[in-house]
Colleague: 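Dropping a structure here in structure tokens format, bear with me for questions.
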Amino acid sequence: MAARWELVVAELVAERGDALVRYAMLLSGDEEEARDMVQDALAATFGRLRNGFEVEQAEAYVRRAIANRFLDRARRGQRWRRIAPLVGERERLDSGSTLTGERLDMAARLQRLTPRERACIVLRYDEDRTVEQIATELGISAGAVKRYLSDALRKLRGILEREQGRLQREERAPGGLA
Amino acid sequence: MSGEDELRRRLQELPGPAGRLDVDAVVERARKRRRPKVAAVTAAATGAGVLIVAPFVVPGLSPMSPSSTVMSEQGAGQEAAPEQEQAPAAGQDSGGDAGAAGAAQAAEACAIEDAEAAIGVDIAFEDDPGDGTADVAFTFLEDASFQVDGIGVALVERGTGRIIEAPDPADTAVDRLLGSGRHGSIEGEGGGTDGTVMLGVPLVLAAPVGCSGGSDHAAPAPLVWLTDASGAQRVVVGDPYRIG
């Protein structure tokens, strides 16, 4: 018979697995990397947790482990810095419909933020967390979270303005898009 | 970006993953991380059991010589039988000793703790260890302090953490480094943001011992011999190296 913690793993993966991988995908920008990160985080969390945890509590631990892994990998990550621009570029080239292109462009824009900025943006605007909750999850002060959010929003606005400016120049140019 | 609502909308429109998580692999890896504690308790209990039982079954171990007491209680007629049975048993023992020694050697070589579960430190190669040297990153998920005696390579299956091959602890290269502290001491605060990278570490080259069957997903992982804050010597394995 499966141990209690194994049932919690199965339930957590069945109910929240996709959400956890999506969270990790927004952070890392790559689905395979995200899945590895979530599997690592689950194994590490349940390798340590004793029995008596419910799915909600376990998910909080796993999410924190995902964030830690992401920030850690990003800090160490020569490899990550090498492939991130390539992933973003390839996705942009592959984008088909307008909606798909917009979604992929958004993912690419996220990758241009620093890891902590990205984590704060994803937690605040995708996961709808409060500043205090983000601070707890990432183990930093609320003031630092506000600063990261402010910097990230400023960068995203700048990126968008540059993209729009480039698009307008292309439209005005002879033989342009218009 | 016209505003925060627009950003929220765009983020939440991003599609989710296409694939699914492998629950069985997660459970298997988590079991493996929990196992060392169970194994330690089992080993301790077995050791205690042997100490308690030994005086009653091995004549030479007890100063009170319980064997003679038992035999005298059973009578002289029955004394010969255990002795006759003892000869083939001894033969079997000598044959079994070689096998047991080999198994014990493999068990010792393969009894390696996962670094993250054992000491709360994520250990990874930062570059390909194939040339005999590598940069090794230590990231502190929990507060830890230890002395690094040596770093070698184990072959580990990606995804499950199964150890396929490990350096032989009986190899003199391993024996020499135990307790040496040749790479100095490392300490850090937990939380996953504090870490140390050791650059250009010459890796310990020792004869390998097979631990389990091969795998298509095997990769080299850092194997670290360390002395922890209590002075205990331990061997831990980090994450398999990812190429590319």
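In what follows, every chain begins at residue 1, and chains take the letters A, B, ... in the order their sequences are listed. All values below were derived from every heavy atom in this structure, side-chain atoms included, with hydrogens, water molecules and symmetry-related copies excluded.
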Colleague: Might you confirm whether atom CZ of A/Arg129 has over 12 heavy atoms from other residues, nucleotides or ligands at distances under 6.0 Å?
Modeller: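 Correct, the count exceeds 12.
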
Colleague: Could you give the distance from CG (B/Leu7) to CZ (A/Arg157), rounded to the nearest 0.5 Å?
Modeller: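 Here the interatomic distance stands at 9.0 Å.
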
Colleague: Could you tell me whether B/Asp122 and A/Arg69 have a side-chain N and a carboxylate O separated by less than 4.0 Å?
Modeller: no

Colleague: Which heavy atom of B/Glu116 sits nearest to which heavy atom of A/Ala44, and what is that distance?
Modeller: OE2-CB, 3.0 Å

Colleague: What part of A/Leu20 gets within 4.5 angstrom of chain B, counting heavy atoms only: side chain, backbone, both, or neither?
Modeller: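 Neither part.
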
Colleague: Does A/Lys146, at its NZ atom, have more than 12 non-hydrogen atoms belonging to other residues, nucleotides or ligands within less than 6.0 Å?
Modeller: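 No.
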
Colleague: If you draw a 6.0 Å radius around CD in B/Glu187, do more than 12 non-hydrogen atoms from other residues or ligands fall strictly inside?
Modeller: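 No - once you tally the heavy atoms of other residues, nucleotides and ligands closer than 6.0 Å, there are 12 at most.
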
Colleague: Would you indicate whether the side-chain heavy atoms of B/Arg20 and A/Asp18 approach each other to under 4.5 Å?
Modeller: yes

Colleague: Counting only non-hydrogen atoms closer than 4.5 Å, does A/Ala34 touch chain B with its backbone (N, CA, C, O), its side chain (CB onward), both, or neither?
Modeller: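 For A/Ala34, neither part sits under 4.5 Å from chain B.
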
Colleague: Under a 4.0 Å threshold between the charged nitrogen and the carboxylate oxygen, would A/Arg124 count as salt-bridged to B/Glu4?
Modeller: no

Colleague: Using a strict 4.0 Å threshold on nitrogen-to-oxygen distance, state whether B/Asp22 and A/Arg35 make a salt bridge.
Modeller: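 Result for this pair is no, no salt bridge flagged.
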
Colleague: Got B/Arg8 and A/Asp126 here, is their nearest side-chain heavy-atom distance under 4.5 Å?
Modeller: no

Colleague: State, yes or no, whether a side-chain contact exists between B/Arg10 and A/Arg109 at a heavy-atom distance under 4.5 Å.
Modeller: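 Side-chain contact under 4.5 Å: yes.
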
Colleague: Given heavy-atom pairs under 4.5 angstrom as the criterion, report whether the side chain, backbone, both or neither of A/Asp40 touches chain B.
Modeller: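 Interface part for A/Asp40: both.
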
Colleague: Please classify the contact of B/Asp5 with chain A as side chain, backbone, both or neither, using a heavy-atom distance under 4.5 Å.
Modeller: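 When you check distances to chain A, no heavy atom of B/Asp5 falls under 4.5 Å.
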
Colleague: Looking at every heavy atom in both A/Ala43 and B/Arg29, which two are closest together, and how far apart are they?
Modeller: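 Smallest heavy-atom distance, with atoms named: CB-CB, 3.6 Å.
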
Colleague: Given heavy-atom pairs under 4.5 angstrom as the criterion, report whether the side chain, backbone, both or neither of A/Ile121 touches chain B.
Modeller: both

Colleague: Output the option from B/Val27, B/Val23, B/Asp24 having the highest count of non-hydrogen pairs under 4.5 Å with chain A.
Modeller: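 Heavy-atom pairs under 4.5 Å are most numerous for B/Val27.
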
Colleague: Sub-3.5 Å donor-acceptor pair from the side chain of A/Arg22 to the main-chain atoms of B/Leu14, do we have one?
Modeller: yes

Colleague: Is A/Gln39 close to chain B through its backbone or its side chain, or both, or neither, when contacts mean heavy atoms under 4.5 Å?
Modeller: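 Interface part for A/Gln39: both.
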
Colleague: Taking atom CH2 of A/Trp5 and atom CZ of B/Arg31, what is their separation to the nearest 0.5 Å?
Modeller: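 Result: 6.0 Å between the selected atoms.
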
Colleague: Does B/Gln233 have more than 12 heavy atoms from other residues, nucleotides or ligands lying within 6.0 Å of its CD?
Modeller: yes

Colleague: Looking at CZ of B/Arg9 and CE of A/Met106, how far apart are the two atoms once the value is rounded to the nearest 0.5 Å?
Modeller: 10.0 Å

Colleague: Out of curiosity, B/Glu6 CD to A/Leu156 CG, how far, rounded to the nearest 0.5 Å?
Modeller: 12.0 Å

Colleague: Within the supplied structure, the quantity of interest is the number of heavy atoms (other residues, nucleotides, ligands) at a distance under 6.0 Å from B/Gln12 CD; does it exceed 12?
Modeller: yes

